[in-house]
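The structure under discussion appears below in the form of C-alpha cells.
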Amino acid sequence: MIVGAGFAGIATARALARRGVGPVRVVEREPAVGVHASGRNAEILRTVHEDPVLSAVCRRGRELLDALEAETGRAFSQRCGVLLVGGLEDLAALHGGPGDVRLDAAGCLELAPWLPSGAQEGVFSPRDGRIDAGALLAHLAGDARAHGVRFDLGCEVLAGRAAPGGFRVATSRGEWTARMVVNAAGAWADVLQARFGAPALGLAPLRRHLHLVESALGRDCPVVWDVSRGYYARPETPRQAVMSACEVQPHPPAPPEPAPDALEALWEKLPHAAPGLADARPLRHWACLRTLAPDGRFRIGWDAAVEGLFHVAALGGHGVTAALAVGELAAGALIERCPPARRAPRQPAGR
C-alpha cells in the first residue's frame with residue numbers, strides 16, 4: 001500500500017508494477033492525483049544544485065525522462081535551458097554535469113537581457129527547462145493503472161497496526177491488509193508516521209508563493225534562477241512568466257493560502273536582481289508547500305522503528321524533476337528486501 005498520489009507515490013507504484021510486483025494499491029485522501037505539491041509547483045526541470053547527491057538524482061531523473069519521451073513519442077518537457085546566476089561563491093558551490101557551461105556576465109546578459117548589466121556570472125544547463133507536471137503525472141498514473149496498480153482516491157488512512165504478514169490499515173473505507181506500507185504523504189508524512197506509531201521524520205513543510213505575471217520574457221527564453229538573491233523566472237507564454245521570490249515560510253501540513261503580502265518579497269527584489277522585469281504586471285498568484293528534511297535530502301528507505309514501513313518523502317520541491325529516479329530508487333530498495341514472486345512482469349492491456 002502506497003499512501004499519497006503525488007509524484008513520489010505514483011512513480012514508486014509504477015516502478016514496482018513494471019517490475020512485476022503486485023498487487024499494489026495507492027491510497028489518496030484527495031479526490032484526484034497530484035492535488036497538493038505535485039500539482040502546484042513551478043514545473044522547473046533543474047539538475048544543478050549545491051548538494052552533489054541531489055544533483056545526481058535529478059540528472060538520473062532527467063535521463064529517465066529522456067527515455068520516457070523517446071519511448072512514448074511525447075514531449076513532457078520543453079528544454080529551454082536553466083540559467084543559474086549569482087555571486088562567485090554561490091556558483092562555485094553548485095554541482096553541474098556533462099553539458100553544463102559556465103558563463104561570464106556578458107554571456108548571461110545574452111540569454112537574459114533583463115539581468116543587471118555586468119553584475120553576475122552563471123551556469124547554464126541547456127538540457128534543463130520546463131516540465132508539464134500535469135501531463136507527466138497523468139501519464140505515470142495511467143501507466144501504473146495499466147500495469148495493475150489500483151488507485152483508491154478520496155480515501156484517508158486513519159491508522160495502521162502490526163498484523164501477521166504486515167499491517168492492518170484502517171481507512172475511511174474500512175480496514176485492509178498490506179504486506180508493506182509506503183509513506184509518500186508529502187507534507188503529511190509525519191502525520192502518517194504518528195498514525196502508524198512510528199517516530200517523526202522531522203520534516204518541515206515550507207510555504208512558497210508563485211506569481212503569474214505579464215512580462216515579455218519570450219516563450220523560448222531560459223528559466224533564470226538567482227541562487228544568491230533568491231528568485232526565479234520561468235517563461236509561461238510569449239507574454240507571461242511564472243516568478244517566485246523563493247521564500248521559506250514554515251507552514252503546518254495543510255493546504256496553503258497565499259499570504260496578504262505575497263507579492264512584496266518579489267517586488268522588493270526585482271529592481272536590483274532583474275531590472276528588466278521590474279515593470280511586470282501581476283496576473284494571479286498561489287501558494288505551494290515544499291517539504292524538507294533537516295539536511296535537505298530525500299527520505300527514501302525503511303523506517304528504523306516500524307518493520308515494513310517505508311518512506312518516500314521530503315522531496316523538497318524537486319519531485320517533478322526527480323520523480324522517475326525516485327521511483328527507481330524506492331522500488332529497488334523495496335524489492336531488495338521483499339522480492340516479488342518469480343513471474344513475468346504484467347503487461348498493460350493492449351500490448
Side-chain angles (χ1 to χ4, degrees), residues 1-13 24-41 137 151-163 166-208 248-257 286-320 322-323 326-327 330 333-334:
M1 178 182 291
I2 297 174
V3 184
F7 274 115
I10 290 175
T12 300
V24 176
R25 179 194 297 259
V26 176
V27 180
E28 168 59 52
R29 181 180 60 183
E30 303 296 343
V33 304
V35 168
H36 296 295
S38 295
R40 301 171 66 86
N41 62 82
L137 192 66
F151 283 75
D152 286 281
L153 304 179
C155 179
E156 183 174 5
V157 171
L158 304 174
R161 66 180 188 276
F167 296 96
R168 287 292 292 171
V169 181
T171 78
S172 55
R173 294 184 186 171
E175 282 202 356
W176 297 325
T177 300
R179 181 184 179 194
M180 294 174 286
V181 172
V182 176
N183 181 352
W188 289 263
D190 272 339
V191 174
L192 189 69
Q193 288 290 106
R195 292 179 181 182
F196 276 81
L201 300 173
L203 307 186
L206 304 171
R207 181 173 63 177
R208 174 170 290 180
V248 178
Q249 301 174 341
H251 194 280
E257 292 294 330
W286 64 97
C288 63
L289 292 183
R290 301 161 61 248
T291 303
L292 277 73
D295 61 1
R297 290 189 170 179
F298 299 169
R299 290 293 181 264
I300 304 175
W302 295 99
D303 191 88
V306 177
E307 182 71 22
L309 180 62
F310 191 89
H311 318 127
V312 186
L315 301 191
H318 305 292
V320 67
V326 166
L334 287 159

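If you're wondering where the values come from, they're calculated on a predicted model, not measured in any experiment.
The two residues I2 and A184 come nearest to each other via the heavy atoms CG2-CB, 4.2 Å. Shown here for P31 and L153, the closest heavy-atom pair between the two residues is O-CD1, 3.6 Å. The heavy-atom pair separating T291 from L203 by the smallest distance is CG2-CB, 3.8 Å. Considering every non-hydrogen atom in both P199 and A305, the closest pair reads CD-CB, 3.6 Å. Taking both residues in full, the closest heavy atoms of G4 and V26 are given as O-CG1, 3.8 Å, listed atom of the first, atom of the second, then distance. Closest non-hydrogen pair, R168 versus T177, comes out as NH1-OG1, 2.6 Å.
With rounding to the nearest 0.5 angstrom, the CG atom of L158 is 10.5 Å from the CG atom of L192. Note: I300 CD1 to L315 CG = 6.5 Å, rounded to the nearest 0.5 Å. E175 contributes atom CD, which lies 13.5 Å from atom CZ of F167 (distance to the nearest 0.5 angstrom). Separating the CH2 atom in W286 from the CZ atom in R40 is a distance of 9.0 Å, to the nearest 0.5 Å. Atoms NE2 and CG, from H36 and L289 in turn, are 8.5 Å apart once rounded to the nearest 0.5 Å. Here the straight-line distance linking atom CZ of R161 with atom CZ of F196 works out to 11.0 Å at 0.5 Å rounding.
R207 contributes a side-chain N or O that, together with a main-chain N or O of E257, makes up a donor-acceptor pair within less than 3.5 Å. One N or O on the side chain of E28 and one on the backbone of A5 form a donor-acceptor pair closer than 3.5 Å. In this structure, the side chain of R195 engages the main chain of V157 through a donor-acceptor pair within 3.5 Å. Here the side chain of N183 pairs a donor or acceptor atom with the backbone of A189 at under 3.5 angstrom. Distance alone, capped at 3.5 Å, places no donor-acceptor pair between the T171 side chain and the C155 backbone.
A heavy-atom distance below 4.5 Å is found between the side chains of V27 and W176.
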Can you check side-chain contact (heavy atoms from CB on, under 4.5 Å) on W302 and L334, steps first, answer last? CA-CA 8 Å; W302 295 99; L334 287 159; 3.7 Å; yes

Step by step, would you call V326 with H318 a side-chain contact (heavy atoms from CB on, under 4.5 Å)? CA-CA 10 Å; V326 166; H318 305 292; over 6 Å; no

The test is side-chain contact (heavy atoms from CB on, under 4.5 Å); show your working for V3 and W188 and say whether it passes. CA-CA 10 Å; V3 184; W188 289 263; over 6 Å; no

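A salt bridge between R299 and D303 is absent, with no side-chain N of the basic residue lying under 4.0 Å from a carboxylate O of the acidic one.
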